[in-house]
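Below is one structure, written out as C-alpha cells, with a few remarks after it.
Only heavy atoms go into these numbers, but all of them, side chains included; no hydrogens, no water, no symmetry mates. Fair warning: this is a prediction, and the values are worked out from it, not measured in the lab.
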Amino acid sequence: MRQSIRRKLIQTLALFLADPKLGNFLSGRLYKGEWKSLCVPGLNCYSCPAAVFSCPIGALQAVTASAGFRFSYYVTGFLMAVGVLWGRAVCGYLCPFGLFQELLHRVPLPKKKLWPPLVYVKYVILAVFVMLLPLLWTDYSGAGLPAFCEFICPAGTLEGGLPLLATHPEFRQALGKLFAWKFLVLLLVCLGSMMNYRFFCKLLCPLGAIYGLLNRISLYRLQVSRSACVSCGKCQSACPMGVNPVRNPGAAECIRCGECVANCPQQALLLRFSTDSMKHS
C-alpha cells in the first residue's frame with residue numbers, strides 16, 4: 001500500500017508539472033511559449049490548454065510529416081535517452097494518461113483479461129501510424145499526415161479536443177465524422193480501461209511500445225534473487241500488467257510499478273538503477 005501511495009503522489013506531481021496552466025481550461029488559450037519546444041517523457045497532448053511542453057509522439061510526427069522529411073534527432077535522442085535510463089517506468093510514474101486510466105480502473109465494472117497477443121498491436125501502431133503514414137500520406141505541399149494524432153490518440157481528444165470545444169463555439173460548428181470517430185475511440189479506451197488495467201497502454205500506445213523495446217536494457221531495472229525466491233507466485237498475482245516478474249523481469253509490459261516487490265514475502269525482488277544482470281543468485 002505504501003508503494004502504491006508513493007507512486008500515485010509521483011504521478012500526480014508529474015501531471016501538474018506537465019500541465020500547470022489550469023486557468024487556460026477556462027479561457028481556451030494554448031501556451032505557445034519557448035517551453036513548448038521541449039517534450040515531456042509521457043503522453044501529454046500539445047493542444048491541451050494547460051500543457052507547457054510537447055508530446056514526444058506528436059513532436060516526432062510533426063517533424064517526420066514536415067515537407068521534405070527531416071529526421072528528428074532531438075525527439076529520437078530524447079526518447080532513447082529516457083528509455084535507456086528509465087524504460088517503461090516512465091509509463092508507471094510520469095504519464096498523465098496512464099494515471100487517468102488507473103483512476104478509471106477503479107470504476108466497479110467486471111474486470112477482464114486482455115488476450116495476450118493483442119499487446120503487439122501497439123508496435124503495429126508505432127510502425128504504421130507514427131512512422132510510415134506521415135512519410136507516405138502527404139498533401140500537395142509535401143507535408144505528411146500525423147496519422148496517430150489525427151485518427152487514434154485518445155489523450156489528444158480528452159486533453160485537447162474536448163476542452164477546446166467547450167470554450168470555442170466556432171469549433172463545434174465544424175464537427176464532423178473525424179471527431180465522431182476520435183470520440184468513439186476515447187469512449188472505447190475509457191470502457192476498456194475500466195475493465196482492464198491500463199487498456200490503452202497495453203494495446204495501442206506507441207510511446208509504451210518504444211519504451212517497452214528499451215525495457216530490457218534500461219538502467220532502472222527489476223532484479224530477481226534466485227536464492228531467495230521460493231516460487232510462491234505472489235509477485236505474478238500482484239502484477240497489474242500481467243507479467244511474471246521472476247520468469248521475465250525485463251518484460252516489455254512491465255511498468256516498474258513495484259507491486260511485485262511490495263508483495264514478495266522473501267524480498268527476492270528489487271527495483272533499482274544497475275548495470276548488473278537482471279537475474280542473480
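Of the possible donor and acceptor atoms, one in the side chain of Arg88 sits under 3.5 Å from a partner among the backbone N and O of Ala252. A donor-acceptor pair is defined here as one N or O able to donate and one able to accept, closer than 3.5 Å; no such pair exists between the side chain of Arg7 and the backbone of Ser4. Formation of a donor-acceptor pair under 3.5 Å by the Tyr46 side chain with backbone atoms of Ala51 is not found in this model. Judged by distance alone, with hydrogens and angles left aside, the side-chain atoms of Asn196 form no donor-acceptor pair with the main-chain N or O of Gly192 at under 3.5 Å.
Taking CH2 from Trp86 and CG from Asn215, the interatomic distance works out to 12.5 Å, rounded to the nearest 0.5 Å. The SG atom of Cys39 sits 10.5 Å away from the CG atom of Asn44 when rounded to the nearest 0.5 Å. Rounding to the nearest 0.5 angstrom, the gap separating the CG atom in Leu126 from the CG atom in Leu132 is 9.5 Å. To the nearest 0.5 angstrom, Phe199 atom CZ is 12.5 Å from Cys205 atom SG. The structure places CG of Leu43 at 12.5 Å from CZ of Phe100, a figure rounded to the nearest 0.5 Å. Atoms CG and OH, on Leu85 and Tyr211 in that order, are 10.5 Å from each other to the nearest 0.5 Å.
Between Cys48 and Asp19, some side-chain heavy-atom pair lies under the 4.5 Å cut-off. With a 4.5 Å cut-off on side-chain heavy atoms, Val40 and Leu94 do not count as touching. Two residues are said to be in side-chain contact when any heavy atoms from C-beta on lie closer than 4.5 Å; Leu270 and Val261 fail this criterion. Using a 4.5 Å cut-off on side-chain heavy atoms (C-beta onward), Pro56 and Leu79 make contact.
Hydrophobic clustering keeps Phe25 apart from Tyr31 (ILVMFWY residues linked when any side-chain heavy atoms are closer than 4.5 Å, directly or through intermediates). Under a hydrophobic-cluster definition in which Ile, Leu, Val, Met, Phe, Trp and Tyr are linked whenever side-chain heavy atoms come within less than 4.5 Å, directly or via other members, Leu269 and Tyr93 are assigned to the same cluster. In terms of hydrophobic clustering, with Ile, Leu, Val, Met, Phe, Trp and Tyr side chains grouped at heavy-atom distances under 4.5 Å, Leu162 and Leu175 are assigned to a common cluster. Under a hydrophobic-cluster definition in which Ile, Leu, Val, Met, Phe, Trp and Tyr are linked whenever side-chain heavy atoms come within less than 4.5 Å, directly or via other members, Leu207 and Leu133 are assigned to the same cluster. Under the 4.5 Å side-chain heavy-atom criterion for ILVMFWY residues, a single connected hydrophobic cluster contains both Leu60 and Val124.
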Worksheet entry | side-chain contact (heavy atoms from CB on, under 4.5 Å) assessment of Leu191 paired with Leu109 | CA-CA 9 Å; Leu191 179 60; Leu109 285 182; 4.1 Å; yes

Worksheet item: Yes or no on side-chain contact (heavy atoms from CB on, under 4.5 Å) for Cys257 and Gln3, after CA distance, side-chain angles and deciding distance?
Response: CA-CA 8 Å; Cys257 67; Gln3 166 61 20; 5.6 Å; no

Practice prompt. Starting from the C-alpha separation in whole Å, work towards a yes-or-no answer on side-chain contact (heavy atoms from CB on, under 4.5 Å) for Val185 and Thr157.
Written response: CA-CA 9 Å; Val185 171; Thr157 306; over 6 Å; no

Worksheet item: Under the side-chain contact (heavy atoms from CB on, under 4.5 Å) criterion, do Ser193 and Met195 qualify, and how do the steps go?
Response: CA-CA 5 Å; Ser193 299; Met195 301 176 71; over 6 Å; no

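With sequence neighbours excluded, the residues satisfying side chain to side chain contact (heavy atoms under 4.5 Å, CB included) with Lys8 are Gln11, Leu99, Glu102, Arg106. Here Trp181 pairs with nothing under the ring-ring contact (aromatic ring centres under 6.0 Å, His included) rule; sequence neighbours left out. Phe200 is linked by a ring-ring contact (aromatic ring centres under 6.0 Å, His included) to Phe97, counting only residues two or more places apart in sequence or in another chain.
A pairwise comparison of heavy atoms in Met194 and His105 identifies O-ND1, 3.5 Å as the closest pair. What you find for Gln223 and Ser274 is that their closest heavy atoms are NE2-OG, 3.3 Å. Residues Val119 and Leu114 share a closest heavy-atom pair of CG1-CD2, 4.4 Å. When all heavy atoms of Lys111 and Val107 are compared, the pair lying nearest together is NZ-O, 2.7 Å. A pairwise comparison of heavy atoms in Ala251 and Arg216 identifies N-NH2, 4.4 Å as the closest pair. Scanning both residues, Pro146 and Gln61, for their nearest heavy atoms gives C-OE1, 3.2 Å.
By the 4.5 Å side-chain criterion applied to Ile, Leu, Val, Met, Phe, Trp and Tyr, Leu13 is assigned to a cluster that also includes Leu17.
Taking the centre and axis of the six-membered ring of Phe53, the NZ or CZ atom of Lys36 falls outside the cone set by 45° and 6.0 Å.
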Enumerate, atom names and distances included, each donor-acceptor pair closer than 3.5 Å involving a side-chain atom of residues 164-171, sequence neighbours excluded.
{"residue": "Thr167", "atom": "OG1", "partner": "Pro163", "partner atom": "O", "Å": "3.1"}
{"residue": "Thr167", "atom": "OG1", "partner": "Leu164", "partner atom": "O", "Å": "3.4"}
{"residue": "His168", "atom": "ND1", "partner": "Glu170", "partner atom": "OE2", "Å": "3.1"}
{"residue": "His168", "atom": "NE2", "partner": "Gly28", "partner atom": "O", "Å": "3.0"}

Let me have the donor-acceptor pairs involving side chains of residues 228-244, under 3.5 Å, with sequence neighbours excluded, atom names and distances please.
{"residue": "Gln236", "atom": "OE1", "partner": "Asn244", "partner atom": "ND2", "Å": "3.2"}
{"residue": "Ser237", "atom": "OG", "partner": "Gly233", "partner atom": "O", "Å": "3.1"}
{"residue": "Asn244", "atom": "OD1", "partner": "Val246", "partner atom": "N", "Å": "3.2"}
{"residue": "Asn244", "atom": "OD1", "partner": "Arg247", "partner atom": "N", "Å": "3.2"}

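Counting non-hydrogen atoms of other residues, nucleotides and ligands closer than 6.0 Å to CZ of Phe16 gives a total of 12 or fewer. Within 6.0 Å of CZ in Arg29 there are 12 or fewer heavy atoms belonging to other residues, nucleotides or ligands. At most 12 non-hydrogen atoms from other residues, nucleotides or ligands lie less than 6.0 angstrom from CZ of Phe183.
With Glu253 as the partner, the salt bridge (charged side-chain N to carboxylate O under 4.0 Å, His left out) test is satisfied by one option alone out of Arg198, Lys122, Lys202: Lys122.
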